[in-house]
Amino acid sequence: MKSVILAGGEGTRLRPLTLQLPKPVVPVLDRPFLQYQLDLLASAGVRDVVFSVAYQPDRVRRVFGDGSAIGRNIIYAIEDTPLGTGGAVRNAWPHLDDLTVVFNGDVLTDVDLPKVVADHRASGATATIVLYPVPNPAAYGLVEFDGSSRVTRFLEKPKPEEITTDTINAGIYVLDSRALELIPPGVSHSIERGFFPALLQRGDLVRAHVHRGYWIDIGTPEKYLQVHADLLDGRFPHAIAAPERGPRAFVDAAASVSDGARLEGPCYVGPGCRIEQGAVVGPGAVLTRDVALASGARVESSVLWAGCTLGPEARVRGALLASKVAVGAHAQVGPGACLGEDARIPDHSRLCAGA
Ligand code: GTP
């Protein structure tokens with residue numbers, strides 16, 4: 001059994017964060033995003049993984065290499081032009097064996113993968129699709145199934161009157177690899193809209209596994225912030241390695257926090273950060289690494305990537321800052337702001353919501 005992680009999308013909805021860093025390797029709290037998926041796969045005994053990449057593949061490779069440093073065997077299947085989700089899995093086929101676990105590279109979940117795989121094997125199905133119930137399913141691909149968990153129909157972004165189920169495709173599949181013969185090689189193809197409906201048409205058994213735990217896709221700025229809030233609050237089970245300096249105020253041992261600074265948990269201060277006297281790292285703040293807060297600066301409900309700096313009395317609230325963003329003295333960065341790498345915010349300026 002091996003895995004394909006679909007990591008070739010451009011991540012347009014997360015721009016400008018994804019202009020210099022592909023979505024699969026954006027930092028999420030204390031690690032690159034795909035590390036969470038690699039950990040989940042390892043829980044099911046999967047250590048051989050194909051990263052299916054198309055957009056900035058070298059930047060993904062730079063983060064994970066061949067996987068040997070973390071006890072994995074990682075192979076890169078690179079598309080010259082993106083082939084879509086189905087074409088990408090087909091492109092990885094030469095590297096696969098009998099059974100394949102496919103993951104969308106932007107999904108964070110605590111699904112019981114060993115059980116999904118065991119149930120799949122026991123059922124004799126060609127494919128198992130993990131489904132997730134959502135309160136407002138209209139914007140997603142819906143999957144209907146019957147009382148014996150047999151998938152009966154796929155519905156893409158249905159009109160309100162067509163909605164008959166609340167379970168959406170969660171972007172996690174277990175497949176009998178032989179079925180990939182249905183996908184034509186070298187052309188763009190959608191696994192959701194092409195491959196799975198073709199399996200149903202052929203009369204194959206496609207099973208549904210409904211997951212009722214944690215699931216989110218990190219594809220928008222709002223969701224990316226939400227993931228951090230969930231990790232800090234413990235809604236997603238993840239052991240944060242950094243020690244706590246107060247209730248859920250995690251500070252890496254290689255960070256320097258002045259005695260006169262204030263930490264208001266939940267928050268995370270990563271390695272190499274420097275927090276000066278009078279600065280406040282407020283609830284929901286994540287400083288991934290090497291972030292410097294001058295005296296009186298304050299951050300809350302925000303994620304700041306490596307090398308960001310805040311001048312004296314600067315304020316950042318509800319914002320996302322890519323690497324090396326410099327916020328000047330007394331400047332304010334407001335809710336919903338999303339700043340690309342190297343952005344400079346002059347002293348005393350104010351960035352309003354959504355900038
Ligand atoms: P947006 O541009 O913001 O929609 O994001 P995206 O490009 O990641 O697209 P989407 O969220 O629909 O993709 C779901 C998952 O499939 C992501 O993990 C993508 O990286 C991956 N993906 C989408 N298209 C391709 C493709 O053509 N090739 C490969 N290898 N992966 C893809």
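Predicted model only: the values in this text are computed from it and were never measured. Remember, it's 1-based here, ligands and their atoms both numbered in the order they're listed.
Salt-bridge check for R62 with D58: failed, with every basic side-chain N at 4.0 Å or more from each acidic carboxylate O.
For the side-chain hydrogen bond (donor to acceptor under 3.5 Å, both in side chains) criterion with Y214, the lone passing option out of D230, T109, D110 is D230.
Cluster partners of L339 are V251, V257, L263, V269, I275, V281, L287, V291, L293, V299, L304, L310, V316, L321, V325, V327, V333, I345, L351, counting Ile, Leu, Val, Met, Phe, Trp and Tyr whose side-chain heavy atoms approach within less than 4.5 Å, directly or via other members.
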Pairs under 3.5 Å, N/O atoms on ligand 1 and on the protein: can you put them in a table with the distances?
| residue | atom | partner | partner atom | Å |
| --- | --- | --- | --- | --- |
| ligand 1 | 2 (O) | T12 | N | 2.8 |
| ligand 1 | 2 (O) | T12 | OG1 | 2.5 |
| ligand 1 | 3 (O) | T12 | N | 3.1 |
| ligand 1 | 3 (O) | T12 | OG1 | 3.3 |
| ligand 1 | 3 (O) | R13 | N | 2.8 |
| ligand 1 | 3 (O) | R13 | NE | 2.8 |
| ligand 1 | 4 (O) | R13 | NE | 3.2 |
| ligand 1 | 4 (O) | R13 | NH2 | 3.4 |
| ligand 1 | 5 (O) | K23 | NZ | 3.3 |
| ligand 1 | 7 (O) | E10 | N | 2.9 |
| ligand 1 | 7 (O) | G11 | N | 3.1 |
| ligand 1 | 8 (O) | K23 | NZ | 2.8 |
| ligand 1 | 11 (O) | R13 | NH2 | 3.0 |
| ligand 1 | 11 (O) | D106 | OD2 | 3.2 |
| ligand 1 | 18 (O) | L6 | O | 2.8 |
| ligand 1 | 18 (O) | G105 | N | 2.8 |
| ligand 1 | 20 (O) | L6 | O | 3.4 |
| ligand 1 | 20 (O) | G8 | N | 3.2 |
| ligand 1 | 20 (O) | G9 | N | 2.8 |
| ligand 1 | 27 (O) | L83 | N | 3.3 |
| ligand 1 | 27 (O) | G84 | N | 2.6 |
| ligand 1 | 28 (N) | E79 | OE1 | 3.0 |
| ligand 1 | 30 (N) | S52 | O | 3.1 |
| ligand 1 | 30 (N) | S52 | OG | 2.8 |
| ligand 1 | 30 (N) | E79 | OE2 | 2.7 |
| ligand 1 | 31 (N) | G8 | N | 3.0 |

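Using a 30° and 60° split on the angle between ring planes, Y224 and H228 fall in the perpendicular class, above 60°.
In this structure, a donor-acceptor pair under 3.5 Å is absent between the side chains of D176 and H120. Of the N and O atoms on the side chains of N169 and Y140, not one donor lies less than 3.5 Å from an acceptor on the other residue.
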